Number of protein chains: 2
Amino acid sequence: MRVKQIADALEISADSVRYYTRIGFLVPSKSHNGYKYYRPADVTRLRFILSARSLGFSVNDIKEILFTSSQTNAPCPTVRRLIEQRLKETEQRYQDMHELRLRMRKAMSEWENTPDQHPTADTICHLIEGFTALKS
Amino acid sequence: MRVKQIADALEISADSVRYYTRIGFLVPSKSHNGYKYYRPADVTRLRFILSARSLGFSVNDIKEILFTSSQTNAPCPTVRRLIEQRLKETEQRYQDMHELRLRMRKAMSEWENTPDQHPTADTICHLIEGFTALKS
DNA sequence: GGTAAACCTGTGTGTTGCTCACAGGTCAAT
DNA sequence: ATTGACCTGTGAGCAACACACAGGTTTACC
């Protein structure tokens, strides 16, 4: 299969396939014209990569997992350790997003009926400057 | 003020100040030794930038706002338009994070008492491959 | 005055996970 | 042979900083 075919089969962009190839996750064979040809094993591997990504593993995580599994070791202990870390980070970012969302909503509703003003020497936009989120 | 002083005053890293300077948000004067010196107006400006960032505006948004305000126009209409867009995106990313978080938790609890296995020809890590998130 | 350590500086590069631009190659139909 | 549609690989670009590094500056002490 060529790059577009494998990309279409797994419903990702050809550029993504090229990216995973570039960083060594996929190792296609090269034909006479320089085109890269992917084999069924590459499809399996790519499917694994996408599953891992959708579970929140980073590309570096996957690199570690692939390396571990290539060493005749079961990568599962690695996977367990990594997902614990990633989950913690995700919880934190989720919380941060939650707070950002609240701040944005609050600002919008506060600005709803506030008139606009021209900037002065000390103020650029009173809507932003008047919002006290930073101080709290 | 030199870079570290202004950074400490606003509780950000000196590298961030350098970054904002590099992209033209701050325009310090240069002394004989090549050091950059910031004036009170820069503090005001930087404080504005940080407020905007904390409200979810991107650096590009801020660029647009600063440009608008430099044109004797009130940037507030721009600000209103931008925050509406950013809020929409934030809601979407919040939702995405929510779902990722659920998938991760589900995977963790499913894997809780699952034994590890050595990888075979068709499987790299059964924990990830067995997780059906992609199909749903 | 000298000097050594601590601190600070600007510039260049790295980061994540792709996406885009581009010049050119390939293939089917004419 | 040639047009046109489609495909290819490589290199660069993105956000928003953080980090590495070689060197300049200031301070403490003699």
Side-chain angles (χ1 to χ4, degrees), chain A residues 1-38 42 45-46 48-66 82 85-86 89-90 92-93 96-97 100, chain B residues 1-38 42 45-46 48-66 82 85-86 89-90 92-93 96-97 100:
Chain A
M1 307 171 75
R2 292 180 310 190
V3 65
K4 180 116 193 334
Q5 293 174 312
I6 192 171
D8 286 350
L10 296 189
E11 295 178 304
I12 60 175
S13 75
D15 277 327
S16 293
V17 177
R18 291 198 190 96
Y19 169 66
Y20 291 130
T21 305
R22 208 169 338 197
I23 63 177
F25 281 10
L26 303 174
V27 188
S29 52
K30 281 193 178 178
S31 83
H32 65 288
N33 54 15
Y35 285 14
K36 288 159 179 152
Y37 283 85
Y38 298 87
D42 293 318
R45 202 175 169 89
L46 184 48
F48 171 82
I49 292 166
L50 297 180
S51 299
R53 292 286 299 125
S54 84
L55 275 172
F57 292 95
S58 74
V59 164
N60 253 329
D61 291 344
I62 296 173
K63 188 183 299 181
E64 192 175 339
I65 295 168
L66 290 177
L82 287 175
Q85 295 175 16
R86 296 300 158 255
E89 294 166 9
T90 300
Q92 180 60 53
R93 288 193 300 145
D96 292 346
M97 289 279 299
L100 171 60
Chain B
M1 304 172 80
R2 292 180 309 187
V3 65
K4 181 118 194 330
Q5 293 173 312
I6 191 171
D8 285 350
L10 296 188
E11 296 179 303
I12 62 175
S13 75
D15 277 326
S16 294
V17 177
R18 290 198 191 98
Y19 170 66
Y20 292 130
T21 305
R22 209 171 335 199
I23 64 177
F25 281 8
L26 303 174
V27 188
S29 53
K30 281 192 179 179
S31 83
H32 65 288
N33 54 14
Y35 285 15
K36 289 160 179 151
Y37 283 85
Y38 298 87
D42 294 317
R45 203 176 170 86
L46 184 49
F48 171 81
I49 292 166
L50 297 180
S51 299
R53 292 285 299 125
S54 85
L55 274 173
F57 291 96
S58 72
V59 165
N60 253 328
D61 291 344
I62 296 172
K63 188 181 301 180
E64 193 177 337
I65 295 168
L66 290 177
L82 287 175
Q85 295 174 15
R86 297 297 159 258
E89 295 165 8
T90 300
Q92 180 61 53
R93 287 193 300 143
D96 292 346
M97 289 280 299
L100 171 60

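Naming convention: chains lettered A, B, ... in sequence-line order (proteins, then strands); numbering from 1 in each chain. No experiment lies behind these values; they were computed from the predicted model shown. Atoms considered below: every heavy atom in the structure, side chains included; atoms not considered: hydrogens, waters and symmetry mates.
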N/O (side chain, [X]) to phosphate O (OP1/OP2, [N]) under 4.0 Å:
X	N	result
Tyr19(A)	dT19(C)	no
Arg2(A)	dT8(D)	yes
Ser16(B)	dA16(D)	no
Lys36(A)	dT10(D)	yes
Arg53(A)	dG17(C)	yes

Whole angstrom value for the distance that separates [atom2] of [N] from [atom1] of [X]:
X	N	atom1	atom2	answer
Tyr20(B)	dG10(C)	OH	P	17 Å
Phe57(A)	dG17(C)	CZ	C1'	17 Å
Ile6(A)	dG9(D)	CD1	P	12 Å
Asn60(B)	dC17(D)	CG	C1'	14 Å
Lys4(B)	dA6(C)	NZ	C1'	12 Å
Arg18(B)	dT13(C)	CZ	C1'	14 Å
Gln5(A)	dT26(C)	CD	P	16 Å
Ile23(B)	dA18(D)	CD1	P	13 Å

Check: Between dT11(C), dT9(C), dT8(D), which nucleotide gets closest to the side-chain atoms of Lys30(B)?
Finding: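 Shortest atom-to-atom distance from the side chain points to dT11(C).
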
Check: dG17(C), dG10(C), dC7(D): which one has an atom nearest the side-chain heavy atoms of Ser58(A)?
Finding: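 The nucleotide sitting nearest to the side chain is dG17(C).
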
Note to self: Need to verify one output field. Residue with the more 5' nearest nucleotide on DNA chain C, Asp8(B) or Asp15(B)?
What the structure shows: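 Mapping each residue to its closest nucleotide by heavy atoms, the 5'-most match is Asp8(B).
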
Note to self: Heavy-atom nearest nucleotide on DNA chain C for Tyr35(A) versus Ser13(A): which residue maps closer to 5'?
What the structure shows: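 First, find each residue's nearest nucleotide; the 5'-ward one identifies Ser13(A).
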
Next item on the list: For the pair Asp96(B) and Arg93(B), find out whether any cationic side-chain nitrogen is under 4.0 Å from an anionic carboxylate oxygen.
Entry: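 Salt bridge absent between Asp96(B) and Arg93(B).
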
Check: Does a salt bridge link Asp15(B) with Arg18(B), judged by any charged N lying under 4.0 Å from a carboxylate O?
Finding: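 Between Arg18(B) and Asp15(B) there is a salt bridge, with a charged N closer than 4.0 Å to a carboxylate O.
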
Next item on the list: Classify the side chain of Arg22(A) versus the base of dG11(D) as yes if they form a donor-acceptor pair under 3.5 Å and no if they do not.
Entry: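 Flag set: donor-acceptor pair detected.
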
Checklist line | Arg45(A) vs Leu66(A) side-chain heavy atoms within contact, under 4.5 Å | finding: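 Heavy-atom side-chain distance check passes, below 4.5 Å.
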
Checklist line | OH on Tyr37(A) to CZ on Arg2(A), rounded to 0.5 Å | finding: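 Reported value, rounded in 0.5 Å steps: 5.0 Å.
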
Note to self: Quiz question: by atom type and distance under 3.5 Å, do the side chains of Tyr38(A) and Thr21(A) form a donor-acceptor pair?
What the structure shows: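 Per modelled atom types, Tyr38(A) and Thr21(A) side chains form a pair under 3.5 Å.
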
